[in-house]
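Structure first, commentary second.
Just so it is clear, the model here is predicted, and its values are computed rather than measured.
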Protein chains: 2
Amino acid sequence: MVPDDDGAFAPTTEDAPSSSGFLDDGKNTIGSQLASRLREAIISGELQAGSKINLDKARKTFNVSLSPLREGLARLISDGLVEFEDNRGYRVSSISLANLEEITTLREEFEVFALRESMRLGDVEWEGNVMRALHRLNRTERDAARPETLERWEELHREFHLTLISGCGKPILLHFCRLLLNLNDRYRRVFLTRTSGDRNVSQEHSEIAQGAVARDLDYACDMLRQHIHRTGTNLRKHLATKGIL
Amino acid sequence: MVPDDDGAFAPTTEDAPSSSGFLDDGKNTIGSQLASRLREAIISGELQAGSKINLDKARKTFNVSLSPLREGLARLISDGLVEFEDNRGYRVSSISLANLEEITTLREEFEVFALRESMRLGDVEWEGNVMRALHRLNRTERDAARPETLERWEELHREFHLTLISGCGKPILLHFCRLLLNLNDRYRRVFLTRTSGDRNVSQEHSEIAQGAVARDLDYACDMLRQHIHRTGTNLRKHLATKGIL
DNA sequence: ACTATCAAAATAATCGATTATCTGTCAAGG
DNA sequence: CCTTGACAGATAATCGATTATTTTGATAGT
């Protein structure tokens, strides 16, 4: 019966529902804390895509020793945010049009598949979690002027998308989707400070969530796919304008 | 044009076509070598699924220091073969019926998707690589009596499946498929020492490859899906018989 | 007997120093 | 003027020792 061990890619404590914390967050070791800080630094764009990570400088910046630094970086490799080469060290993963397009495509495939499975298998608790995540997201304003609201919104947005698919009963799939979401969020954080005018993102989220809870498989999946696709298209435009290529 | 940097999950040197090596394999550092040895030890079943990895013992066994040991283990986490918890250390990922079933399902989804994309996008070189991989695989006997032939066959089998989908132009997708293949191989190595009598695996591979090269999308995808599914079914039986659950 | 508590042993995490590898620069030879 | 090679500085990898945390096992109290 495999007592309390869920096997590979079992849902880690990593992003437990961020309810009021009097259970510690599991960010015990320096390595773990570093991983979080670095992840945030990369996703927020503070650490530029493609840039080399000098261990010695990083060590001084964060005031830690090599071992936990490497430990933290190693975890970001699993996240696809950092690349590593023997004797050459670490660098922040680069961004590119091709990379963005792949992320979008894969999200359309995997996340939609996971949503369908969630609707097929999810229980009432899952439904509740979805509605809660939707509510919390829609109640949070995204004000480009105040960065702290952006961060908060991103967190809730991520939480919403993950909750949507959390009923699928497939830990590995969830893991993949989480990675893709991470990678995608970096593009949004860097290139999209405000939402495009012709979209009502809150409404899009509501449509998806309501379709999901009503188990209207085709409708919900379609809405999600369009949602992801639109974001991809927007990002592509901004990427072409502001930046690379 | 992003000179020679393909972004996240860019195809690493990790498993370059194992042609005659006078280019070194990139297994330079102790950490890298350890990662390989440990991976093999886990996939082959030498390190039992679910078992704890005692750093001190491992350190002595492999005659290395902690740093490279942790380094190596960290990589296996990305591979989904090892799990980690703060202050509790590492353990070999467990196996379970649910895990096997998820792996099979996801392979059916993703590997088939990747194959379809490869057929859509792959060039002549890709076709050539597929035919070569097929030939090498079919020319290799799988003799349960001699373990070294098993290992060789597994390697070529893995290579075949990866080559099939290598034309898809989607590094992240390839990365995911590689992980799934790794996870799946462990089950086969542990539970299937010989192929089930009612299958002609060589023929199955040939049908897939020929369909792929002929760009017969639906046929090739269907064959691949059945191939994966059959393996899943076989493994499930053996798992239920010999072991767990 | 059962549970709670504390100390000792085992184990993981971290550090600072050392060793190995790589990268850029400059000089000698073609 | 370009290429090649050797040196020096920069950077990454590894080690051995130290510190922190968890687990175990024994003891005392109910």
Side-chain angles (χ1 to χ4, degrees), chain A residues 3-5 12-14 21-39 42 47-48 50-78 81-93, chain B residues 3-5 12-14 21-39 42 47-48 50-78 81-93:
Chain A
D4 92 329
D5 202 339
T12 58
T13 346
E14 184 186 333
F22 51 84
L23 255 284
D24 72 32
D25 352 5
K27 302 295 168 53
N28 298 314
T29 67
I30 301 184
S32 289
Q33 295 170 317
L34 263 181
S36 297
R37 290 173 65 183
L38 286 166
R39 185 182 293 110
I42 293 173
L47 248 52
Q48 196 173 55
S51 65
K52 187 141 189 356
I53 298 174
N54 182 307
L55 290 178
D56 226 38
K57 284 176 196 156
R59 190 175 67 72
K60 282 163 190 159
T61 305
F62 291 104
N63 230 55
V64 294
S65 187
L66 270 333
S67 331
L69 182 55
R70 283 171 153 274
E71 195 85 28
L73 285 167
R75 304 212 196 159
L76 297 187
I77 294 176
S78 315
L81 292 171
V82 163
E83 291 164 29
F84 170 83
E85 204 177 347
D86 271 353
N87 290 321
R88 297 271 174 80
Y90 305 82
R91 64 173 53 233
V92 181
S93 300
Chain B
D4 91 328
D5 201 339
T12 57
T13 346
E14 185 185 331
F22 51 82
L23 253 285
D24 72 32
D25 355 4
K27 301 295 168 57
N28 297 315
T29 67
I30 300 184
S32 289
Q33 294 170 318
L34 264 182
S36 297
R37 291 173 63 184
L38 285 166
R39 186 181 293 111
I42 292 174
L47 248 51
Q48 196 174 54
S51 65
K52 185 144 191 354
I53 298 174
N54 182 308
L55 290 176
D56 226 39
K57 283 176 195 155
R59 191 174 67 72
K60 282 162 190 160
T61 306
F62 291 105
N63 229 54
V64 295
S65 187
L66 270 333
S67 332
L69 182 56
R70 285 173 152 273
E71 195 86 27
L73 286 168
R75 305 213 195 158
L76 297 188
I77 293 177
S78 315
L81 292 170
V82 163
E83 291 163 30
F84 171 82
E85 205 178 344
D86 271 353
N87 290 319
R88 296 272 176 81
Y90 305 82
R91 65 172 52 231
V92 181
S93 300

What is the distance, to the nearest angstrom, from the [atom1] atom on [X] to the [atom2] atom on [N]?
{"X": "A/Leu69", "N": "D/dT14", "atom1": "CG", "atom2": "P", "result": "15 Å"}
{"X": "A/Glu71", "N": "D/dA20", "atom1": "CD", "atom2": "C1'", "result": "15 Å"}
{"X": "B/Tyr90", "N": "D/dT21", "atom1": "OH", "atom2": "C1'", "result": "15 Å"}

Inset, instruction - Taking the side chain as every heavy atom from C-beta outward, state whether A/Leu34 and A/Glu71 have any atom pair closer than 4.5 Å. - result: no
Mind listing the N/O atom pairs, protein and nucleotides 20-22 of chain C, below 3.5 Å?
residue, atom, partner, partner atom, Å
C/dT21, O3', A/Asn87, ND2, 3.3

Inset, instruction - Could you pull out all residues at least two apart from A/Lys60 that satisfy salt bridge (charged side-chain N to carboxylate O under 4.0 Å, His left out)? - result: A/Asp56
Inset, instruction - List for me each residue that meets side-chain contact (heavy atoms from CB on, under 4.5 Å) alongside A/Leu73, sequence neighbours excluded, and say none if there are none. - result: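 side-chain contact (heavy atoms from CB on, under 4.5 Å) check on A/Leu73 returns A/Leu38, A/Ile53, A/Leu55, A/Leu69, A/Val82, A/Tyr90.
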Inset, instruction - For A/Ser51, enumerate each residue passing the side-chain contact (heavy atoms from CB on, under 4.5 Å) test, keeping only those at least two apart in sequence or located in another chain. - result: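 Applying side-chain contact (heavy atoms from CB on, under 4.5 Å) to A/Ser51 gives A/Gln48, A/Val92.
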Legend entry - Between B/Ser78 and A/Arg75: side-chain donor-acceptor atoms closer than 3.5 Å: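 Not at all, the side chains of B/Ser78 and A/Arg75 share no donor-acceptor pair under 3.5 Å.
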Inset, instruction - Check DNA chain D against residues 51-66 of chain A and give the residues with a non-hydrogen atom under 4.0 Å, in numerical order. - result: A/Lys52, A/Ile53, A/Asn54, A/Leu55
Inset, instruction - Check A/Lys52 against A/Arg88 and note the closest heavy-atom contact, atom names and distance. - result: NZ-O, 3.2 Å
Legend entry - Closest non-hydrogen atom pair, B/Pro68 against B/Ser65: CD-O, 3.2 Å
Legend entry - Side-chain donor/acceptor of B/Ser32 to backbone N/O of B/Asn28, under 3.5 Å: no
